[in-house]
Amino acid sequence: MDILKGKGEKSPLYVKNAWYVAAWCNEVDEAGLYSISIANSPVLIYRKEDGQLAAMADQCCHRHMPLSRGIREGDDIRCMYHGLKFNTKGRCIEVPTMKLSGDDVPAQFVVPAYPVAERHDWVWVWMGDPEKADEALIPPTSGPDHPDWFMHKGHLDYAANYLLINDNLTDLGHIAYTHKNSFAGGRSDAYFNQPRVQKLDRGIRITRWNTNAPRRAYQKGKADFYDQYMTYDFLVPGVLMMYQGMFEAGSAEACDFGQVREDLEPDTASFTSQAVTPMTDATSRYFFSWGPRMVEHQENDQIVEGMWKLANQAFMEDKITIEAQQEIVNLQTGAPMVSITDDRGPVMFRKVLDSFVAEEA
Amino acid sequence: MDILKGKGEKSPLYVKNAWYVAAWCNEVDEAGLYSISIANSPVLIYRKEDGQLAAMADQCCHRHMPLSRGIREGDDIRCMYHGLKFNTKGRCIEVPTMKLSGDDVPAQFVVPAYPVAERHDWVWVWMGDPEKADEALIPPTSGPDHPDWFMHKGHLDYAANYLLINDNLTDLGHIAYTHKNSFAGGRSDAYFNQPRVQKLDRGIRITRWNTNAPRRAYQKGKADFYDQYMTYDFLVPGVLMMYQGMFEAGSAEACDFGQVREDLEPDTASFTSQAVTPMTDATSRYFFSWGPRMVEHQENDQIVEGMWKLANQAFMEDKITIEAQQEIVNLQTGAPMVSITDDRGPVMFRKVLDSFVAEEA
Amino acid sequence: MDILKGKGEKSPLYVKNAWYVAAWCNEVDEAGLYSISIANSPVLIYRKEDGQLAAMADQCCHRHMPLSRGIREGDDIRCMYHGLKFNTKGRCIEVPTMKLSGDDVPAQFVVPAYPVAERHDWVWVWMGDPEKADEALIPPTSGPDHPDWFMHKGHLDYAANYLLINDNLTDLGHIAYTHKNSFAGGRSDAYFNQPRVQKLDRGIRITRWNTNAPRRAYQKGKADFYDQYMTYDFLVPGVLMMYQGMFEAGSAEACDFGQVREDLEPDTASFTSQAVTPMTDATSRYFFSWGPRMVEHQENDQIVEGMWKLANQAFMEDKITIEAQQEIVNLQTGAPMVSITDDRGPVMFRKVLDSFVAEEA
């Protein structure tokens, strides 16, 4: 994956056998025809009359007209260029100008249907071999629909290759600088330790304890300083699920700076789900949620707004940073890149992606 | 011509020995220097003092400055970069900073002159070998200047390769869908038959009878339903000339669904001239007119406005459709394309274009 | 350099061992981080606390983040992606997330520093081998900071390759046409002679006498007509320094139409410094100043405004011309180009540039 190597070349390869986040569930509404390019492939997603989702190539098999410019007829989609009608499986079931319908329509009149699922408030699309579309492979995150958390959600579009965004999200080192005035509370020189980075079957796990993390303004807490625990998995193709908790000082040491002990209870805790979807080689969509435990929200109805304001500032900081980085990468200066400890996450995750791409090739 | 084949590649080849529509006659006015790229070549067109047209490369032979940024001096054009002056034949007749004029100017100081003609209210430019520029090859259409018709005229610029527009215009199948709410009067499921498609020396001829076509709101007619007759030639490089008439029910059968019998008189009739001009590989200009017989206009001064409103809605429907199609083609997904009966026109016309290109090669 | 040859291809090669104008001195202020691409390389320039300049690649050695998005810490720059800190020599002196600083930072943690100098009110950057950065090679122009002249200054960005702008500036022939209504005072057919063009070690020298040049409206002068003397050097990579004087009629002949005799005193005189900097292959920045002798300004406080209004009109005429030319060049029509006497300057200067590029290769 050459972007990391500084060659300025975009990776032409995407993992196909993976669930990509295509939308927040409410973005695919009852009436609409939702369209998004995923890894350069146009995808149509819509809700059937029973509320279930259908997904297929947004590209008529006849002359490549986007089907999302067509109309719904019950659960079917009619292309409004020449009237070809497709069922939810992408099978053309009517060519009206030829007076063909049903099984009389030749078998090659079909567009790829994509396995699609709703889980954790996201719409997931499987871009590879449908036979291998195992819903058990959907990352086990928690979304805004989870009863234990109270989350807000949103998305941002990037003028950048998704690998640069993955790099950003698998690296905690940038928080002290890119997010100095948001997540880092104004303190670049503060309490940030190196995380533990661990390889998983479909991604990586990152865990970090920060000692002496100050209570945020929006938090009601017992103490002024905490041991802040962050742990997240980042899974193929680019899905982040992170738990954060503020624990009594001393907890980090008590846990040997590793996984939090089950008997320890955080003073406050939050969860964030995030996903990076490559639209084209040069554009990406970044989905995100964040919020506290439901019980904290019920005690303090200001907390979510405080967190959300902070998150939106920080996510915009990332967007400005990464798009500026992409502009320099585009100049293709040929300058080398050096590595720092913080790259362990990005490098390890890129290797995981590479191995998935290689295996599919 | 690979666009049809779904390879997403643009044809690098254009027919040269053909008359291209460059403008409506009134778009080249007495004073102006009209500029348009035709098949990637910049063309300057202007009116001489006697009102006749001159056309040449819009690209000074010295440093490729567009001559359309220059000024007129009588019938000549002076480039305003270094003052080179060209006569109507593209011959440089003065290099003022070298004090050269007339025959003293070296012979290679010349830009290609293009044969140009005004016919049917259009300005036509011949982009190939001037020796072969036979005005008899100008498509024998009728324009707004024809005394028997009362037409409005206009043009639209497309962000699309012209082949996709040609495809659209040589296919009547899309009318029931793309134009469901305009030309098709809200009825996709209605009265549309397959046309007869016939090869001509320089294009194709398409003829169709639709039975039970309803009278339009802007028409004063005797009956509520007619047999609607449409016939048009579509000629190289992309010129459409179409006659439409509403005939007494039963006429289609009486004509064996073929050419209208000379003894039959339509209740109402209209004519449209249309032309597609490739500007660059990625952009095209679409010229169009439409209107009823002069006698109908004289009886009903609302009819032209009714038709024109309808046409503008329909032509915008095509533009939206084709530009959306082009965006998908640009993704180069490699998806195959299937053919339907309605493709007979597009396929036959692309073959004609291919044969012209091959012959010139 | 193919642009001149009409092949429509951009030169991929730039002279490296040369001083490029990066900014007017006041454009790099005390607090800011100034960024400009020079010959496709991003460059950061800023002022140290002592007011001296520092320049380095605007591209962090870690992940190519532009350092100009970072912050200043004293004389150092901290990248705000991961906090790497660089001294004024481009040496990384701190990797905070790795707790590395000073000599513990590996030697390859470095970005190229560029030799930078302030001279003649311009910031100059040397893009090649720092060992060869001899400030004696900075063109010996006079800028707005010179006590003998009273100049205004500005810049324009072009959507054009810099070679087309160099061509324009090394050719006096276009003045009578492109600038007919500005510099040429409405008279294309007037008093313009061919200049003498002479090769220099690092560029060319152009000298021209125009006889019967009329006094401009903003000039207070003794006579209505003068012998106008213009002489300028145009040096690698694209720096113009021009002296103009209005001398008593007959002076041209008295100087044999060559260099002005030292005993001759102009009635009015002006100086202009101009520089063309390639930003990318397709974009350039054009810096310019112009003004009269300080003594003339002191006698006539309207003269600078008159000159500046004229210059801005003329420089915009050039921009419109050259960007139009570039659009035609981009069409890559393959049309040949012919040469005229006025090309002596452009051709000679392109040869100088070519020889510098070849020597470095």
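Keep in mind that this is a model prediction, so the values were computed, not measured. Chain identifiers are assigned alphabetically (A, B, ...) following the order of the sequence lines, protein sequences preceding nucleic acid strands; residue numbering begins at 1 within each chain.
Within the structure, side chain to side chain donor-acceptor pair (under 3.5 Å) pairs that include any residue of residues 92-109 of chain B comprise B:Arg78-B:Glu94, B:Thr97-C:Asp342 (at least two apart or interchain).
More than 12 non-hydrogen atoms from other residues, nucleotides or ligands lie less than 6.0 angstrom from NZ of C:Lys199. A 6.0 Å sphere centred on CD of C:Glu253 holds no more than 12 heavy atoms belonging to other residues, nucleotides or ligands. The local environment of NZ in B:Lys48 is crowded, with over 12 non-hydrogen atoms from other residues, nucleotides or ligands closer than 6.0 Å.
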**Q.** CA sep, side-chain torsions, deciding dist, call: B:Arg69, C:Ile320, side-chain contact (heavy atoms from CB on, under 4.5 Å)
**A.** CA-CA 9 Å; B:Arg69 301 279 182 151; C:Ile320 290 168; 3.4 Å; yes
Q. Where do B:Met80 and C:Lys180 land on the side-chain contact (heavy atoms from CB on, under 4.5 Å) test, with the steps shown first?
A. CA-CA 9 Å; B:Met80 285 307 276; C:Lys180 180 182 175 185; 4.0 Å; yes
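Remark: C:Leu331 CG to B:Asp58 CG distance equals 10.0 Å, nearest 0.5 Å.
Of the atoms belonging to C:Leu172, not a single heavy atom falls under 4.5 Å from chain B. Contacts of C:Asp171 with chain B are made by side-chain atoms alone, with heavy-atom separations under 4.5 Å and no backbone atom involved. Of the atoms belonging to B:Leu84, it is side-chain heavy atoms, and not backbone ones, that fall under 4.5 Å from chain C.
Side-chain atoms of B:His64 do not come within 3.5 Å of backbone N or O of C:Thr333 as any donor-acceptor pair. Remark: the backbone N or O of C:Ile175 is not paired with any side-chain donor or acceptor of B:His82 at under 3.5 angstrom.
Nearest approach of C:Thr178 to B:Tyr81, heavy atoms of both residues: OG1-O, 3.2 Å. Nearest heavy atom pair, residue C:Ala324 against residue B:Met65, reads CB-CE, 4.1 Å.
By the salt bridge (Lys or Arg N to Asp or Glu O under 4.0 Å) test, B:Lys319 is found to be paired with B:Glu323, residues two or more places apart in sequence or in another chain being considered.
Residues B:Arg63 and C:Asp343 meet the side-chain proximity criterion, which asks for heavy atoms closer than 4.5 Å.
Considering only heavy-atom pairs separated by less than 4.5 Å from chain B, the leading option among C:Ile328, C:Thr321, C:Val338 is C:Val338. Note: B:Pro96 leads B:Ser41, B:Pro96, B:Ser68, B:Ser37 in heavy-atom pairs under 4.5 Å with chain C.
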